[in-house]
Amino acid sequence: CDDVGFTTTNLLVFDDSFNVASDVANVVVVDLLPPTLTLDATSTLTLNDTGFIQLEINSIIRNVQDNCFDYTITASDAAFSCNDIGQHSIQVNATDTSNNSVSKQSTIIIQDTTNPILNS
């Protein structure tokens, strides 16, 4: 992975009589492998006392790997409020430095377990 990009290399060719020829070759090394990503199929989040919750994306990732070890994770939704109570499908993307990416879906269930406060 450190060699991704344009590089030159020396080539040596030997024949059966031990004659040798050499030349320089231009080589382009590319990373075409996307990361792998495994998510929890379903996760439940409970709104806090103010009616909000922020999804910690790492909490639903079971495994993520890339052959070049460097990647970023993004999610289609991460902030939820009382308006979001119920089931939501979110998309999580893992993208490596060569711009290879993988997308997976996970179901997030938003629940409100805070008792209402009656002001009299």
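Val64 belongs to a hydrophobic cluster whose other members, connected by ILVMFWY side-chain contacts under 4.5 Å either directly or through intermediates, are Leu37, Leu39, Leu45, Leu47, Ile53, Leu55, Ile57, Ile60, Ile61, Tyr71, Ile73, Phe80, Ile85, Ile90, Val92, Val102, Ile108, Ile110. Members clustered with Phe52: none, using a 4.5 Å side-chain heavy-atom cutoff among hydrophobic residues.
Closest approach of Ser59 to Glu56, counting heavy atoms only: OG-O, 2.5 Å. Considering every non-hydrogen atom in both Ala94 and Pro35, the closest pair reads O-CG, 3.7 Å.
A distance-only check finds a donor-acceptor pair linking the side chain of Ser106 to the backbone of Asp40 [under 3.5 Å].
Counting heavy atoms from C-beta on, the side chains of Asn100 and Asp31 come closer than 4.5 Å.
Evaluation of the disulfide (SG to SG under 2.5 Å) test over residues 54-118, restricted to residues two or more places apart or in two chains, returns Cys1-Cys68. Legend: disulfide (SG to SG under 2.5 Å) pairs involving residues 13-67, not counting sequence neighbours: none detected. Residues in residues 87-120 take part in no disulfide (SG to SG under 2.5 Å) pair, two or more places apart or across chains.
Atom CD of residue Gln91 and atom CG of residue Asp77 lie 10.0 Å apart, to the nearest 0.5 angstrom. Rounding to the nearest 0.5 Å places OG1 of Thr97 at 5.0 Å from CG of Asp70. One distance of note links CG of Asp84 with CG of Asp112; it measures 12.0 Å at 0.5 Å rounding.
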Listed pairs under 3.5 Å, donor-acceptor, residues 17-27 side chains, sequence neighbours left out:
{"residue": "Asn19", "atom": "ND2", "partner": "Asp15", "partner atom": "OD2", "Å": "3.0"}

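With 3.5 Å as the limit, one finds a donor-acceptor pair spanning the side chains of Ser89 and Gln105. Thr50 and Asn48 share a side-chain donor-acceptor pair at under 3.5 Å.
Linking Ile, Leu, Val, Met, Phe, Trp and Tyr whenever their side-chain heavy atoms come within less than 4.5 Å leaves Leu33 and Val30 in two separate clusters.
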